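Note that the structure is a prediction, hence the values are computed from the model and not measured.
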Amino acid sequence: MKQKTELISQDKIWSWLEEVTDPEIPVLNVVEMGIVRDVKIDEDQVTVKITPTYSGCPAMNAIEMAIHQTLKKKGIGSFKILTDYKETWTTDWMTDEAKLKLKEYGIAPPDKTDADSEDYLIGLKNSQKVVPCPYCESTETEASK
């Protein structure tokens with residue numbers, strides 16, 4: 001059953017996109033990760049803008065395909081998915097819930113970066129802190145060799 005795109009709200013599309021999980025960390029969806037940056041509805045055309053977590057992310061094709069399948073399954077007849085490289089994805093775009101899920105999955109969630117810095121890389125470097133172990137909260141950790 002096809003749904004008329006103009007009758008579907010942006011909120012509904014955002015909620016459908018929450019069904020699309022990251023293929024590498026399946027406890028996270030692409031909305032809470034901040035990969036989905038925008039949803040627009042122009043007449044009968046839905047446009048979903050996504051930003052990769054990094055320029056060479058091998059999961060982006062799978063994510064784009066999953067978004068495609070989700071929108072098609074929901075009856076959206078006309079849509080396009082734009083991969084935007086203009087913005088640089090940052091862990092600051094992840095929701096607090098996503099960071100909690102990441103921790104429960106066994107991956108130390110990132111802290112907020114120094115978003116006030118004019119230079120993203122300098123802000124990122126200045127924000128590097130000791131990240132506690134996701135299992136025991138210890139900050140007395142070191143990388144294994």
Side-chain angles (χ1 to χ4, degrees), residues 1-137 139 141 143:
M1 171 171 59
K2 291 250 182 209
Q3 297 181 24
K4 286 246 178 217
T5 303
E6 68 261 16
L7 299 177
I8 298 171
S9 71
Q10 286 182 320
D11 289 343
K12 191 67 178 170
I13 293 171
W14 279 100
S15 72
W16 290 339
L17 293 172
E18 289 175 345
E19 298 173 16
V20 178
T21 58
D22 182 285
E24 296 174 307
I25 308 170
V27 296
L28 300 178
N29 70 60
V30 295
V31 172
E32 65 190 354
M33 287 185 67
I35 290 174
V36 177
R37 301 302 299 156
D38 195 20
V39 172
K40 287 188 178 166
I41 302 173
D42 296 317
E43 297 184 22
D44 284 342
Q45 175 81 36
V46 172
T47 302
V48 177
K49 185 171 95 174
I50 58 176
T51 296
T53 54
Y54 68 96
S55 61
C57 177
M60 286 309 290
N61 286 341
I63 290 170
E64 187 173 333
M65 181 63 73
I67 291 171
H68 179 94
Q69 290 170 342
T70 298
L71 294 178
K72 198 165 184 101
K73 185 175 76 180
K74 299 297 184 184
I76 303 295
S78 179
F79 60 87
K80 62 181 173 184
I81 303 165
L82 298 175
T83 302
D84 183 12
Y85 295 97
K86 292 178 190 155
E87 292 183 285
T88 303
W89 181 87
T90 167
T91 54
D92 290 348
W93 293 354
M94 294 177 72
T95 65
D96 290 339
E97 183 181 2
K99 291 179 180 180
L100 180 61
K101 288 179 181 178
L102 202 58
K103 182 179 176 185
E104 291 171 349
Y105 193 66
I107 298 174
D111 255 344
K112 189 164 179 50
T113 60
D114 183 8
D116 294 334
S117 175
E118 290 183 23
D119 184 307
Y120 173 76
L121 292 177
I122 290 174
L124 185 63
K125 182 180 178 193
N126 291 341
S127 299
Q128 291 180 345
K129 302 172 188 160
V130 175
V131 177
C133 170
Y135 297 109
C136 68
E137 302 288 334
T139 56
T141 59

On a heavy-atom basis, the closest approach of Pro52 and Thr83 is CD-CG2, 3.9 Å

How far does OG1 of Thr51 sit from CE of Met60, to the nearest 0.5 angstrom?
7.5 Å

Can you find a pair of side-chain heavy atoms, one from Val48 and one from Phe79, that are under 4.5 Å apart?
no

Can you find a pair of side-chain heavy atoms, one from Met94 and one from Leu28, that are under 4.5 Å apart?
yes

With the side chain counted from C-beta on, respond yes when Pro26 and Tyr105 share a heavy-atom pair under 4.5 Å apart, and no when they do not.
yes

If you look at every heavy atom in Gln45 and Lys80, which pair is closest and at what distance?
NE2-N, 3.2 Å

Measure the spacing between CZ of Arg37 and CG of Leu82 and express it to the nearest 0.5 Å.
14.0 Å

Rounded to the nearest 0.5 Å, the CD atom of Gln10 sits from the OG atom of Ser15 at a distance of 12.0 Å

Would Glu87 and Trp93 count as a side chain to side chain contact (heavy atoms under 4.5 Å, CB included) if you check the C-alpha gap in whole Å, the side-chain angles of each, and the deciding distance to 0.1 Å?
CA-CA 11 Å; Glu87 292 183 285; Trp93 293 354; 3.7 Å; yes

Do the side chains of Thr95 and Val31 get nearer than 4.5 Å, heavy atoms only?
no

Side chains of Lys101 and Ile25: closer than 4.5 Å at any heavy-atom pair?
no

Say you draw a straight line from CD of Gln69 to CD of Glu19; how long is it, rounded to the nearest 0.5 Å?
12.5 Å

Nearest non-hydrogen partners of Pro58 and Glu24, listed with the distance:
CG-OE2, 4.2 Å

Can you establish whether the number of heavy atoms outside Tyr135 located under 6.0 Å from its atom OH is more than 12?
no

Would you please test Ile8 and Trp16 for side chain to side chain contact (heavy atoms under 4.5 Å, CB included) and show each step?
CA-CA 11 Å; Ile8 298 171; Trp16 290 339; 3.9 Å; yes

Spatial distance of atom CD1 (Ile13) from atom OG1 (Thr47) [nearest 0.5 Å]
9.5 Å

Nearest-0.5 Å distance that lies between atom CG in Leu71 and atom OG in Ser78:
10.5 Å

Quick one: does Leu102's side chain get under 4.5 Å of Pro110's, heavy atoms only?
yes

Side chains of Val30 and Ile50: does their closest heavy-atom pair fall under 4.5 Å?
no

Could you check whether any side-chain N or O of Glu32 sits under 3.5 Å from a backbone N or O of Asn29, counting only pairs where one atom can act as donor and the other as acceptor?
yes

Donor-acceptor pair, side chain of Trp89 and main chain of Met33, under 3.5 angstrom:
yes

Ile63 side chain near Pro23 side chain, heavy-atom distance below 4.5 Å
yes

